[in-house]
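Down below is the structure, laid out as structure tokens.
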Amino acid sequence: MVRAYLDVVRDTVCGLTLRTRERAYSSDSQARPMDIGQRIKGLDWPLTGITMVGQRRLINIEWAIRFVIANDVMGDFIECGVWRGGSSVFARAILKALDNNDRHVWLADSFQGLPKARTTNDNDDWSKMEYLKVSLEEVQTNFRSFYLLDDRVHFCKGYFVDSLPRCNVSRIAVFRMDGDMYEST
């Protein structure tokens with residue numbers, strides 16, 4: 001049952017369970033039909049899915065979490081750059097399905113989109129994209145949709161340079177980084 005549950009959560013957060021209704025967002029702000037191969041690889045932007053990372057990267061997150069549990073590696077899961085929170089939802093589902101009550105899930109994000117460029121290595125294109133602006137409340141709602149918003153889920157709101165030093169995570173076992181910009185990374 002654990003395998004079936006995790007497969008359903010994984011495929012739901014990346015938008016693969018509703019294949020007939022799911023669309024992908026294109027660079028010209030138009031919806032187009034989803035290409036399953038692209039979605040599995042995490043190479044498109046879903047309209048209804050709640051993660052962009054795709055099925056393959058979600059499988060890797062599960063592998064990493066199972067590895068640290070099996071090898072008694074101390075620490076929590078943290079995702080920096082969460083968009084709609086789907087990867088972290090899946091991480092919490094893994095821990096809950098495995099009945100692991102020792103680890104927490106941390107989400108670090110501005111919850112208001114990407115910052116304006118402050119270095120010559122970046123540009124302001126990302127900061128102008130409404131599609132990338134997802135509120136903390138929407139991410140919390142996504143956790144609630146899976147009955148996974150609990151005292152083991154923590155939010156570090158703000159741009160990384162400001163939020164990460166204030167985040168109370170003491171030890172990290174699995175770190176997922178999706179900063180998009182040079183300065184953020």
4.5 Å side-chain heavy-atom contact, Leu132 and Trp45: yes
Nearest-0.5 Å distance, NE2 of residue His154 to CG of residue Asn168: 9.0 Å
Neighbour count >12 (heavy atoms, 6.0 Å) for atom CZ, Arg3: yes
Mutual orientation of the aromatic rings belonging to His104 and Trp106 [parallel < 30°, tilted 30-60°, perpendicular > 60°]: tilted
Side chain to side chain contact (heavy atoms under 4.5 Å, CB included) between Leu58 and Ser87, intermediate numbers included: CA-CA 7 Å; Leu58 292 171; Ser87 297; 3.9 Å; yes
Side-chain heavy atoms of Leu107 within contact of Phe143, under 4.5 Å: yes
Phe175 atom CZ, neighbour heavy-atom count above 12 within 6.0 Å: yes
Side-chain (Arg166) to main-chain (Cys156) donor-acceptor, under 3.5 angstrom: no
Side-chain heavy atoms of Phe77 within contact of Ile94, under 4.5 Å: no
Sidechain-backbone polar pair: Asn71 side chain, Val73 backbone, donor-acceptor under 3.5 Å: no
Side chains of Arg176 and Val53 in contact at under 4.5 Å (non-hydrogen atoms): yes
Distance, nearest 0.5 Å, that separates NZ of Lys157 from CG of Asp162: 13.0 Å
Pairwise distance CD(Gln140) to CZ(Phe155) - rounded to 0.5 angstrom: 4.5 Å
Test side chain to side chain contact (heavy atoms under 4.5 Å, CB included) applied to Ile50 and Thr12, Asn142, Thr141, the passing residue: Asn142
Pairwise distance CD(Glu62) to CZ(Arg66) - rounded to 0.5 angstrom: 4.5 Å
N/O donor-acceptor pair under 3.5 Å between Arg152 side chain and Val105 backbone: no
Non-hydrogen side-chain atoms of Val134 and Val139 separated by less than 4.5 Å: yes
Side chain to side chain donor-acceptor pair (under 3.5 Å) partners for Trp83, two or more places apart: none
Between CD1 on residue Ile61 and OG1 on residue Thr51, distance to nearest 0.5 Å: 7.0 Å
Intermediate values then yes/no, side chain to side chain contact (heavy atoms under 4.5 Å, CB included), Arg103 and Ile69: CA-CA 9 Å; Arg103 298 172 193 274; Ile69 291 170; 3.6 Å; yes
Heavy-atom side-chain contact between Arg10 and Leu16 under 4.5 Å: no
CZ on Phe160 to CG on Asp109, rounded to 0.5 Å: 6.0 Å
Heavy-atom side-chain contact between Arg32 and Asp44 under 4.5 Å: yes
Close side-chain approach of Gln55 to Arg39, heavy-atom, < 4.5 Å: no
